[in-house]
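Order of listing sets the numbers, starting from 1, for every ligand and every atom in it.
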Amino acid sequence: MASISIRPPWMLPDRAVTPENIHRRRREFLRQLGFVGSGLAWGPSLLAQTPATNAPAAGPQEARRNPEFSPKLPLTPERIVTNYNNFYEFSTQKDRVAQLVGRFRTQPWSIWVGGLCAKPMTLSWDDLMKVAPLEERVYRFRCVEAWSMVVPWTGFPLSKLLAQVEPTSDARYVKFTTVLRPDEMPGVQRLSDYPWPYTEGLRMDEAMHPLALIATGLFGKPLPKQNGGPVRLVVPWKYGYKSIKSIVKIELVREQPDTLWNALAPNEYPFESNVEPNVPHPRWSQATERDLATGNRIPTLPYNGYADQVASLYPRK
Ligand SMILES: Nc1nc2c(c(=O)[nH]1)N[C@H]1C(S)=C(S)[C@@H](COP(=O)(O)O)O[C@H]1N2
Ligand SMILES: [Mo]
C-alpha cells in the first residue's frame, strides 16, 4: 500500500504518554477539579495516583453475568479462546501468540483518555476498576477471516468511561491506540513496515452504544495477555479487528481517525466494518463462518446477531 511507504508518524515517540505531557495534563486536571469540586466521585483516587505506584493489573474479575447482554449460547472452550489468537504485535500465527507474550508487561498499566472533552485524565488500574461495576457478558465474536466463537467477557460499558471525561459536542469519533513496545513484541519488529501502533476507531454513537464493552476479564479471570490484557475493547456487531487490544490511549476526535487495517488495505477493511453476511470480503464470502468450538460452518448473522440492538444506528442499510 502507498500509505506504508511514507515515513510514518508512528516512528516518533508517542507524544501523549511522555512524562512531561502526563504531568501537564494532570495539572490541567487538578485545575479543573478546583472548579468542579466534589462533582467527581472518584477524584481522590486520581489525586493519589502516580504511574510508579500503579496497582497490579491483575485482580479479581469474577462478576455477575448480565442476562440482558448474555444470550444463552454454549461457550467456546477457554483453551481455544486463549490459544487461537490474532495479535500481530506478537505473531501472525494464531497458535504462537500465547507462547510469545511472556515478556510483555501489563503491570503497571494506565490509560490516557482525552482529546475533545472537558476532563481529560490518566486512569490507573485502580481508577479503571472504579469506572463502573464489573459485569460478565456472553458475546458472539466474529473475525473478518470467517471464524467465530462465543466468549464470556468481564468489563463495563465504554460509554461509562467516556462519560467521565465529558466529551464536547465537536467530538464525533473515538480513536483507540494499543501500547507499542517493540522490545516486548516480536511481531512488531518482524512486521516493520506496518503503521504501528495498532489503532482503531468508532463513531461517537457507536462508542456510546451499550453493547460496546471495555473488557478486563475473560472466563472470570484477568484478561490474558494474548487476548489483549490487561484491557481491550469488544464491539460484538463488528468484525474482530475493531476490538482493539491492550489499550493505552482513547482520544475523542473530530475527524474519522486512521486505523491500522484501514491504512494497510482500505478496500478490505473499511472503517465501519459491521458484520454483513451479504457483503463479501474482496477475497472470500462472509455468508458463513467456522464455529471454533465445533469446527462446523454456520450462517453468519447480520450485525453478528445484534441487529435488534444496533441496526437503528445505520438507517440506510
Ligand atoms: N492490538 C491489536 N488488537 C487486535 C488485533 C491485533 O493484531 N492487534 N487483532 C484483532 C483481530 S483481527 C481479532 S479477530 C481479535 C482477536 O481477539 P482474540 O485473540 O482475543 O480472539 O483481536 C483484534 N484486536
Ligand atoms: Mo480478526
Can His281 and Glu268 be said to form a side-chain contact (heavy atoms from CB on, under 4.5 Å), step by step?
CA-CA 6 Å; His281 184 276; Glu268 303 201 354; 3.2 Å; yes
Identify which of [options] has a heavy atom lying nearest to [atom].
atom	options	answer
atom 5 (C) of ligand 1	Ile247, Asn227, Asn86	Asn86
atom 15 (C) of ligand 1	Phe87, Trp147, Tyr241, Phe141	Phe141
atom 20 (O) of ligand 1	Glu145, Arg232, Gln226, Glu89	Arg232

Which segment of Tyr198 sits under 4.0 Å of ligand 1 when only heavy atoms are counted
side chain
Check each heavy atom of Glu200 against ligand 1 and say whether those closer than 4.0 Å belong to the side chain, the backbone, both or neither.
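It is neither; nothing of Glu200 touches ligand 1.
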Could you verify whether a donor N or O on one side chain and an acceptor N or O on the other, from [X] and [Y], lie under 3.5 Å apart?
X	Y	answer
Thr300	Gln286	no
Asn274	Lys238	yes
Ser148	Glu289	yes

Please write down residue, atom name and distance for the protein heavy atom closest to [atom].
atom	result
atom 7 (O) of ligand 1	Tyr88 N, 2.8 Å
atom 18 (P) of ligand 1	Lys245 NZ, 3.4 Å
atom 24 (N) of ligand 1	Ser243 O, 3.0 Å
atom 21 (O) of ligand 1	Met149 CE, 3.1 Å

Could you tell me if the ring centre of Tyr239 sits under 6.0 Å from that of Tyr269?
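No.
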Heavy atom of [X], distance to ligand 1 below 4.0 Å:
X	result
Tyr239	no
Gly228	no
Lys242	no

Evaluate the ring planes of Tyr194 and Tyr88, with Trp represented by its six-membered ring, and classify them as parallel (under 30°), tilted (30 to 60°) or perpendicular (over 60°).
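The rings of Tyr194 and Tyr88 sit tilted, inter-plane angle from 30° to 60°.
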Do Val151 and Leu218 have side-chain heavy atoms sitting under 4.5 Å apart?
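Val151 vs Leu218: side chains touch.
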Does Thr178, backbone or side chain, put an N or O under 3.5 Å from an N or O of ligand 1?
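Min N/O separation from ligand 1 is below 3.5 Å for Thr178.
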Member of Val248, Val231, Ile214 meeting the side chain to side chain contact (heavy atoms under 4.5 Å, CB included) criterion with Ile111:
Val231
